[in-house]
4 protein chains.
Amino acid sequence: MVGGGRDAFIGGVHRIAMRLDGKIDLVAGAFSSSAEKSRLSGEDLLLDPNRVYPDYQTMVDRELQLPVGERIDFVSIVTPNRTHVPVARAFLESGFNVVCDKPLAFNLEEALAFQEVVRKTGKVFALTHNYTGYPMVKEARALVRRGELGHLMKVVVEYPQGWLINPIDEEGQKQAAWRTNPEQAGASSCVGDIGTHAENLTRYITGLEIDEICADFTTFVKGRLLEDDANMLVRFKGGAKGVLYASQISVGEENSLRIRVYGTKASLEWLQESPNDLIVKYVDAPRRIYRCGNGYVGDIAKRFTRIPAGHPEGFLEAFANIYLEAARAIDAEVNGQPVPDDCDFPTVKDGVEGMLFVATAVRSAKGGAVWTKMVNGQK
Amino acid sequence: MVGGGRDAFIGGVHRIAMRLDGKIDLVAGAFSSSAEKSRLSGEDLLLDPNRVYPDYQTMVDRELQLPVGERIDFVSIVTPNRTHVPVARAFLESGFNVVCDKPLAFNLEEALAFQEVVRKTGKVFALTHNYTGYPMVKEARALVRRGELGHLMKVVVEYPQGWLINPIDEEGQKQAAWRTNPEQAGASSCVGDIGTHAENLTRYITGLEIDEICADFTTFVKGRLLEDDANMLVRFKGGAKGVLYASQISVGEENSLRIRVYGTKASLEWLQESPNDLIVKYVDAPRRIYRCGNGYVGDIAKRFTRIPAGHPEGFLEAFANIYLEAARAIDAEVNGQPVPDDCDFPTVKDGVEGMLFVATAVRSAKGGAVWTKMVNGQK
Amino acid sequence: MVGGGRDAFIGGVHRIAMRLDGKIDLVAGAFSSSAEKSRLSGEDLLLDPNRVYPDYQTMVDRELQLPVGERIDFVSIVTPNRTHVPVARAFLESGFNVVCDKPLAFNLEEALAFQEVVRKTGKVFALTHNYTGYPMVKEARALVRRGELGHLMKVVVEYPQGWLINPIDEEGQKQAAWRTNPEQAGASSCVGDIGTHAENLTRYITGLEIDEICADFTTFVKGRLLEDDANMLVRFKGGAKGVLYASQISVGEENSLRIRVYGTKASLEWLQESPNDLIVKYVDAPRRIYRCGNGYVGDIAKRFTRIPAGHPEGFLEAFANIYLEAARAIDAEVNGQPVPDDCDFPTVKDGVEGMLFVATAVRSAKGGAVWTKMVNGQK
Amino acid sequence: MVGGGRDAFIGGVHRIAMRLDGKIDLVAGAFSSSAEKSRLSGEDLLLDPNRVYPDYQTMVDRELQLPVGERIDFVSIVTPNRTHVPVARAFLESGFNVVCDKPLAFNLEEALAFQEVVRKTGKVFALTHNYTGYPMVKEARALVRRGELGHLMKVVVEYPQGWLINPIDEEGQKQAAWRTNPEQAGASSCVGDIGTHAENLTRYITGLEIDEICADFTTFVKGRLLEDDANMLVRFKGGAKGVLYASQISVGEENSLRIRVYGTKASLEWLQESPNDLIVKYVDAPRRIYRCGNGYVGDIAKRFTRIPAGHPEGFLEAFANIYLEAARAIDAEVNGQPVPDDCDFPTVKDGVEGMLFVATAVRSAKGGAVWTKMVNGQK
């Protein structure tokens, strides 16, 4: 692991997620940009001090010196956005597989260049867009794919949070501080941090590609340098329409990612805070509630469910599902096998799409919320 | 009553609403543009045939011929949008008070001119934006007014329906046919019919004034002449932002008007389909559910509640609340008293605002969903 | 109407319910045991003073003196339990039809004797077990009848309220005072007032007959003479089992009547506070939510629905549905026609069953909560 | 670990729960009564084959032969009820700490004798009544303890499941087969398996002690030897009353453990299937929803929460909370420290209470559902 030292939030989540299913052991790390903090974090984690490194470059070098078979099989990168790509690149180019937190990169250009790196090294690169790890999200995707909803017409996806209503970034709350700092987070705070989840979730479930965006950004909290609220109208290729919004100042909202997808035959609704229910509504039939863990849900949802219906699984299990699939791919790669076709985890392609989405939204917002095509030269 | 003959929907709603509290008797009407249908409708309603008229002009004339005290005190207008203003004008100018279904007029110009008529005649004119009749909507407004939410920053208001997913307007369903016919409904279907409710509800609860709109209209069902889906970004005067959408093709949605208002201290959420709950969320305190009919709700909500908590009141009672308040004003007017200041019903001002909103949204949409100021010369 | 004067609660509900559909006019009444209060209540209601009577016996006599066709068609009785039967008997035996609030009588013996009176007079007698008036309760019954649930095994029905947690009966709250006074209410408060609704609802939906009861009564509030909480185990004829409880001291509960019925193939759940949803759960299929007003609900539910799906109807509309059906029967009776077979309202039989249920529960509770058969000699 | 081999359900849950927080490593086990199956299960789990044992007695002996410090610190027992006590006794008496699945024993006598064993050995014994591991259950308990609800009057606790509606026990489903077999499960199926959770949850939250029970058992599925449904009335010491039921034939219910506790000032409601919400209802104030992970929840709930509000934790995390606390106690014991006073996990006392509850319910049911005191000579 790189990053995730004391006081970090997402690093701890990654550690639980990788450990949950007993397939992955954390054995080495460079947990902080401070060597001392890295050392202390390694102690907290009961790691062999020889494999707790002062920085990521040292980690790459020293792990490479270990005999094949004793080295790490992959690295988890849980640093602020700024360093995702340089760290990932260092490991990939030294022959290690990588799991990386989102968003992929600091900006679109970096993302596009990095996509090439991944391609060239041929290593596994997984991006933890963790919300697609929920079984009922996979069920939703399966319903769309098999035509249960008919032709898709409209998507409403929202991601309100309220945790940044006060200027805690200025008061030293570390999570808030880097996410709202353009030097750490890039050109966007709210859209980069959570809007990308909304975009990724939409694409995963619907398969729709965004054509253009009209994005209205607001910075409600005085002194903050990046937007803390973003409302967007979306036009998808093929004619479907959408509303997408993300917010960090929606007081009282916790982590209320919700998606509704409307087709010609049926619609579906999924809410992250009640993740084990999937609601399907029909033109003229009773609404159905698909509940995780039942015999009637599809094979894909079942594959990512550990316990019976009525025993709620949550955020950590969904996150672990990303690791489970990445581990399957890594296991193949490490053993010289082809990565199985049906591995279901977000890749560098998702990351590039996400960065393109952020860049397009920023461009639209800077123009005064004008319609902006989601295109880049290299695609 | 004018309109509301056999097969009409909203006419029946108005009749129940006016009758519910025992203050209003239906005694006369011109129920259809067909004299025969009007006659038959009068029979259904057990009315004196002498007061069932072949058309509204005859009704005005003949009611005027009755001695003062035997005439109707007011007329309810429940015709398609096209004729709201001409009918209302005829009654007002003959000295009758008017209750009229929304939207106010066929277009903004007509609405503005009509506002003058109301002013000149000095009669009571009530517009049935019925959703503001719900007690918990009134409670929401009271919470905002007394500062419970702090300074308002964001509003998300949505009104999805799915009943027009199939081309029932082409198959002879009367309600659908006139609402999607520009000659009957005006320049907008979805926004005129239900978007105006969303706008009115927002203004009623928050007091915010819309500054500009970016509206993306879509006609999803082939052959339809007006939009059946509209997504909008909204900027309010003073800096608050909003998302507002209305849809008639959101399959499986029934009448799912929902509003969320976010302030600096708290947010609120109200859903028309569960109208007796008002959810308030705080920065760092447990969520509260205000439930209609309890001792702890405010005086205004109590005034519009008939039965104890846990005994659900619904759409018809909310509609009746508009009539109750209009009746209070009309009672004063008829008896030569000043209309009480605290009468709480939508007026011609709400109607003009609504028409301005429709006109602005149509203008924005026609320009390709560009930001458009909500202004008119006469304001 | 007899009873329902100023300060009464249920009288006002009856008046709205009868008026709602425009089939019934209130024209006469004896509204209070105080002649003066009756007179004033008549004024409030804008009635002809000649038809506002000082007591029910005078009302019977004077209405009889009116020419046929000018008399009332039926009387609504909304007095405390003590006087239901004497008042009803007086009207029935003078040839008037009767709608009466529940429970039927002061005790079982009176109920059984009264059943004979109804039989002999041949008049219409309707009892307002209003919860069976909800469309989705009727849908539930239809689902059970057509075998959707399979063979029924278990029923859980609960009716918690909290309004009597404080000794408001001793502090002069009129509704509370008579309901907890054995001289007005009979041998039971909680079971007579709301337990009978639970029993009636169960029988209406399931068709199951109670065989025996084990009832544990408690009076939690000091000084109260009747039980304010009752928990029961139930055994139905044919082997099904049940849990039934009613409570007036369940703090924070409003009017939370809920029933769950479990069969071999499916189960259903209905909650009075969300009356437009009916939840059906299957052995291995997604849950279904039947929502009132949709095309897919059955004919019976549709017959009792006034407005489209998503426009919530509530308690008053359900209550009005009882009146609608009683009116249909009364209309036939008054016009010398046979009462239609499909009239769907609670009758004297429901009332006798309810009183038998109360008597059995009281007997069980007095014996220390022992199993007690639900039988009486006369059945 | 003893038990939990291939095909077992609860063994896998225990393994995830112990692993989740990185404090516990599974290093040895006797996973099945079949030595071969144990061996294969050990392989699945990537364990050192030398520490995968053919039976529990061998495991005790061989682990004892390892040097102190290399032995297991404790054993997890996840076998059917029949063998809980013999296995636990063997480990305790050899100086190992024990975590054991519930119910504690095969019958009450065995439980009482075993309680002495635990006392004498002085080792840590934890029983996985996992539902008390949920943060909001701990919050509920804290609310009761600090008097937020006032004096407690009534408890309604229900635990309906539907998975045994079909005779899957006869069709070879292993989980079902042993739970309904009196030779494996003891004198009760439904009450022993899930009724004890309801009882334990009630005692944990309320602190109330059951005084007497009236229990009506039913075996709905033909051929089954033990009850699959049990309804009970409960009287607590001090005058509170209760309804408690458990069912395995409630079709469509998954794992719907729910508790409602009513006091003189407020009531609370918690539902296992939505475990991150705790609803509190007041006499005359808005309902409050306490949501897990927020700053406003109490210290105890916070201590058992890993991630922020709105990131749902579920069944596995709650289960892991039991292990976390047991591990804290075991860590102290192993290091010769006193077990911290504030360790919050179910102990042998909970197990004995549970067995007494089962025995009392069985006695009541066998007597025809008669009131039966919850007492035993040895207490």
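It should be emphasised that the depicted structure is a prediction, and the values quoted were computed from it without experimental measurement. Letters go in sequence order (proteins before strands), and every chain restarts at 1.
Comparing D:Gly12, D:Gly314, D:Ala309, D:Ala320 by heavy-atom pairs within less than 4.5 Å of chain A, the highest count is held by D:Ala309. When each of A:Leu46, A:Asn294, A:Leu45 is checked for heavy-atom pairs under 4.5 Å with chain D, A:Asn294 comes out on top.
In this structure, a donor-acceptor pair under 3.5 Å is absent between the side chains of D:Asn276 and A:Glu273.
Around atom NZ of A:Lys302, more than 12 heavy atoms belonging to other residues, nucleotides or ligands sit under 6.0 Å away. Atom NZ of D:Lys23 has 12 or fewer heavy atoms from other residues, nucleotides or ligands within 6.0 Å.
When every heavy atom of D:Arg19 is checked against every heavy atom of A:Asp21, the shortest pair comes out as NH1-C, 3.4 Å.
Contact of the A:Pro308 side chain with the D:Phe9 side chain is registered, since non-hydrogen atoms from C-beta on lie closer than 4.5 Å. With contacts defined as side-chain heavy-atom distances shorter than 4.5 Å, the pair D:Pro312/A:Pro312 does not qualify.
Annotation: the span from A:Leu316 atom CG to D:Glu317 atom CD amounts to 5.0 Å, rounded to 0.5 Å. Rounding to the nearest 0.5 Å places CD of D:Gln272 at 6.5 Å from NE2 of A:His311.
With a threshold of 4.5 angstrom between heavy atoms, A:Phe319 does not approach chain D through any atom at all. For A:Arg306, the part lying near chain D is the side chain, with the backbone staying farther off; criterion is any non-hydrogen pair under 4.5 Å.
Of the residues A:Ile10, A:Ile16, A:Val13, the one that meets the side chain to side chain contact (heavy atoms under 4.5 Å, CB included) test with D:Ile307 is A:Val13.
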